[in-house]
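Only one structure is covered here, and it is reproduced in the block below.
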Amino acid sequence: MIALRNVSFTYADSDYGVKEIDLSIQKGECVVLTGPSGGGKSTLTRVLNGLAPHYFYGRLSGTITIGNDDFTQKPIWEISRQIGSVFQDPKSQFFSSELAGEIAFATENYGLAHPEVVRLTHQAISHFKLNSLINRNLDDLSSGEKQRVAIASVYTLNPEIYVFDEPTANLDAEGVVQLKQTVSDLKSSGKTLIIAEHRLSWLDGIVDRFVYLKDGAITWEKTAKEMGKLTKKQRDDAWLRSSTPIHIPDLPRPAGQGSPLLSTTALSIKRGRNTILQNQNFKVWPGQIISVTGRNGAGKTTLALALAGLDGKTSGKIEILEKSTRRLKRRSRVWYSSNETGTQFFTNSVSSELLLTQNLTESTLEKARELLKRLGLYQYKDSHPATLSGGQRLRLSIACGLMSNREILIFDEPTSGLDGGNMNIVATLFRELAKSGKSILIITHDGELIKRCCDFSLPIA
């Protein structure tokens, strides 16, 4: 159904892209693009859905056909009707501030009759269990909730081909189960699925073939059966995550001796008339790595913003070293790293971003160099953060937190776009930091990360 022959794409003013891609995808097949972060998976999805070069400018060569049609000659509006896309950052594809309006947007944009727009919109809202969120502004939704809205908006047009870029990056366990059922239903109905993904275990029983990309090229292809036969060492060497279901360990709540580094008493947070969190009581001791878990929308990010002094709509107490600490003071002692990396960088280069708040001593410069090397970012030290892939921006955000010298560090979904190798590197860096006496809170749905480095769990109901 889809055939790429000698396809190369290079972004404008950059050497980055994909090269000499030869790939055939049959109708109704589920193909997963995997491999190291920055290997070209997202770029290949952009080539497939026409965003490169129509939106992401650059040089495209080779041929792309769907059926008997030359895909490179079609306008982007026609491509979008045939191929539905769900991006890693759902916020980047929203056109409305309202849930129902966003889901209806595509059908309205293509001129469907109003009764049909209403029918398809309600059908998608029901299918993705979004009824309880229908009156909320999209900006107030969690990342996982936004992802479900993005998928629902694509679902309304019933395209023949679906392209997903890291669709589970910010989903909780329930959301992943729902997505798996949706993807399975789409496959059963004969849809063609192309999924760029690091987290592979949820695709068990759905995927037909894995395509491994590294340095912008296809290195190998394996069937699901062949992939299941890889040893742990072979997966680790390829920086792949587990392709079998992950059991998240049951960890105790934080406990310790002596003075806690961070504590809350009767902490409650409201947004307008809505109570997001209520009566949160916990303590965190130096050297602990704590997974902050819970369903999407439970208030994990809201809690993090309050602890870091970035949200003042709180009641109760937040203490550092058993002393009540005002918002401004907490900002200098608590680091918060957002999972929305497109909004948190301020400079024109990776190195400048990392050194933004630092005294430029030789020791500081050496620490920055070492961090960039360990996180695979040194070759991009002079690049603008906006030119990095999603996984690379995430690693830069983590590096900025590690450079901050704050006593308490909070990372919001720090491995959502990371391959297995980089996930292990990040987990090791967290461990090293904890040994120096820092306290680390990790908002995460990543069972592999929790198993790798977390000591305690703080569930948010």
Side-chain angles (χ1 to χ4, degrees), residues 1-2 27-30 45 48-51 55 66-67 69 74-165 167-168 170-172 174-195 202 206 274 295-297:
M1 180 184 186
I2 306 172
K27 179 178 174 58
E29 189 176 18
C30 177
T45 65
L48 286 164
N49 62 23
L51 289 178
Y55 181 79
I66 297 183
D69 296 334
K74 286 191 174 185
I76 189 65
W77 66 265
E78 192 173 339
I79 294 172
S80 300
R81 186 67 189 266
Q82 194 170 1
I83 298 181
S85 299
V86 180
F87 307 134
Q88 181 176 346
D89 178 11
K91 191 175 179 180
S92 67
Q93 67 186 94
F94 288 162
F95 293 90
S96 173
S97 61
E98 299 177 352
L99 186 147
E102 179 58 38
I103 294 175
F105 178 83
T107 54
E108 291 177 330
N109 197 41
Y110 279 98
L112 274 64
H114 180 70
E116 185 69 356
V117 169
V118 172
R119 184 185 71 81
L120 292 172
T121 300
H122 287 169
Q123 178 180 307
I125 289 172
S126 176
H127 186 85
F128 287 91
K129 297 180 174 61
L130 296 168
N131 301 76
S132 62
L133 307 176
I134 198 166
N135 293 320
R136 291 177 59 185
N137 190 291
L138 289 179
D139 288 338
D140 294 333
L141 301 185
S142 71
S143 295
E145 290 165 342
K146 290 174 185 175
Q147 183 67 290
R148 285 162 58 197
V149 173
I151 298 170
S153 66
V154 171
Y155 181 82
T156 57
L157 284 177
N158 193 30
E160 287 299 312
I161 303 165
Y162 284 75
V163 174
F164 296 88
D165 190 1
T168 64
N170 297 307
L171 296 184
D172 58 19
E174 181 182 356
V176 172
V177 170
Q178 292 173 359
L179 176 64
K180 180 173 182 177
Q181 185 61 57
T182 297
V183 171
S184 180
D185 291 345
L186 290 172
K187 187 170 187 293
S188 297
S189 67
K191 304 299 182 183
T192 302
L193 309 176
I194 303 165
I195 305 172
W202 71 276
I206 299 175
N274 297 319
R295 61 176 175 79
N296 288 129

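Closest non-hydrogen pair, I206 versus C30, comes out as O-CB, 3.6 Å. Scanning both residues, K146 and P90, for their nearest heavy atoms gives O-CB, 3.6 Å. The two residues A152 and I103 make their nearest non-hydrogen contact at CB-CD1, 3.9 Å. Scanning both residues, K27 and M1, for their nearest heavy atoms gives N-CB, 3.5 Å. Looking at every heavy atom in both residues, T45 comes nearest to F164 through CG2-O, 4.4 Å.
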inquiry  = Using side-chain contact (heavy atoms from CB on, under 4.5 Å), reason through N274 and R136 one step at a time and then give a plain yes or no.
reply    = CA-CA 11 Å; N274 297 319; R136 291 177 59 185; 5.6 Å; no
key: Pair T182-H127, side-chain contact (heavy atoms from CB on, under 4.5 Å): steps then yes or no   = CA-CA 9 Å; T182 297; H127 186 85; 3.9 Å; yes
query = Given Y55 and I76, is the side-chain contact (heavy atoms from CB on, under 4.5 Å) satisfied, shown in steps?
reply = CA-CA 9 Å; Y55 181 79; I76 189 65; over 6 Å; no
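By the side-chain hydrogen bond (donor to acceptor under 3.5 Å, both in side chains) test, K74 pairs with D69, Q82, sequence neighbours left out. For E98, the side-chain hydrogen bond (donor to acceptor under 3.5 Å, both in side chains) test picks out no residue, with sequence neighbours left out.
Distance CG/D172 to CZ/R295: 8.5 Å, rounded to 0.5 Å. For the atom pair CZ of F94 and CD of E102, the computed distance is 5.5 Å after rounding to the nearest 0.5 Å. Distance check, rounded to the nearest 0.5 Å: CG of L99 to OG of S132 gives 9.5 Å. Separating the CG atom in N137 from the OG atom in S96 is a distance of 8.5 Å, to the nearest 0.5 Å. Here N158 contributes atom CG and K191 contributes atom NZ; the two are 3.5 Å apart, rounded to the nearest 0.5 Å.
Side-chain contact between L138 and L141: present, with at least one pair of heavy atoms (C-beta onward) separated by less than 4.5 Å. Looking at heavy atoms from C-beta onward, T168 lies out of side-chain contact with K180 at the 4.5 angstrom threshold. Residues N296 and Q147 form no side-chain contact, since every pair of their non-hydrogen atoms from C-beta on lies 4.5 Å or further apart. The shortest distance between side-chain heavy atoms of I83 and I194 does not fall below 4.5 Å. Counting only heavy atoms from C-beta outward, the side chains of V183 and I195 approach each other to under 4.5 Å.
For the side chain to side chain contact (heavy atoms under 4.5 Å, CB included) with I66, the lone residue among I161, I79, L48 that qualifies is I161. The side chain to side chain contact (heavy atoms under 4.5 Å, CB included) test with P167 singles out one residue from Y162, W202, F87, and that residue is W202.
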Check residues 105-126 and write down every donor-acceptor pair under 3.5 Å in which the side-chain atom is one partner and the other belongs to a residue at least two apart or another chain.
{"from": "T107", "atom 1": "OG1", "to": "A104", "atom 2": "O", "distance (Å)": "2.7"}
{"from": "Y110", "atom 1": "OH", "to": "W77", "atom 2": "O", "distance (Å)": "2.6"}
{"from": "Y110", "atom 1": "OH", "to": "R81", "atom 2": "N", "distance (Å)": "3.3"}
{"from": "E116", "atom 1": "OE1", "to": "R119", "atom 2": "NE", "distance (Å)": "3.2"}
{"from": "E116", "atom 1": "OE2", "to": "R119", "atom 2": "NH2", "distance (Å)": "2.8"}
{"from": "R119", "atom 1": "NH1", "to": "Q123", "atom 2": "OE1", "distance (Å)": "3.2"}
{"from": "T121", "atom 1": "OG1", "to": "V117", "atom 2": "O", "distance (Å)": "2.7"}

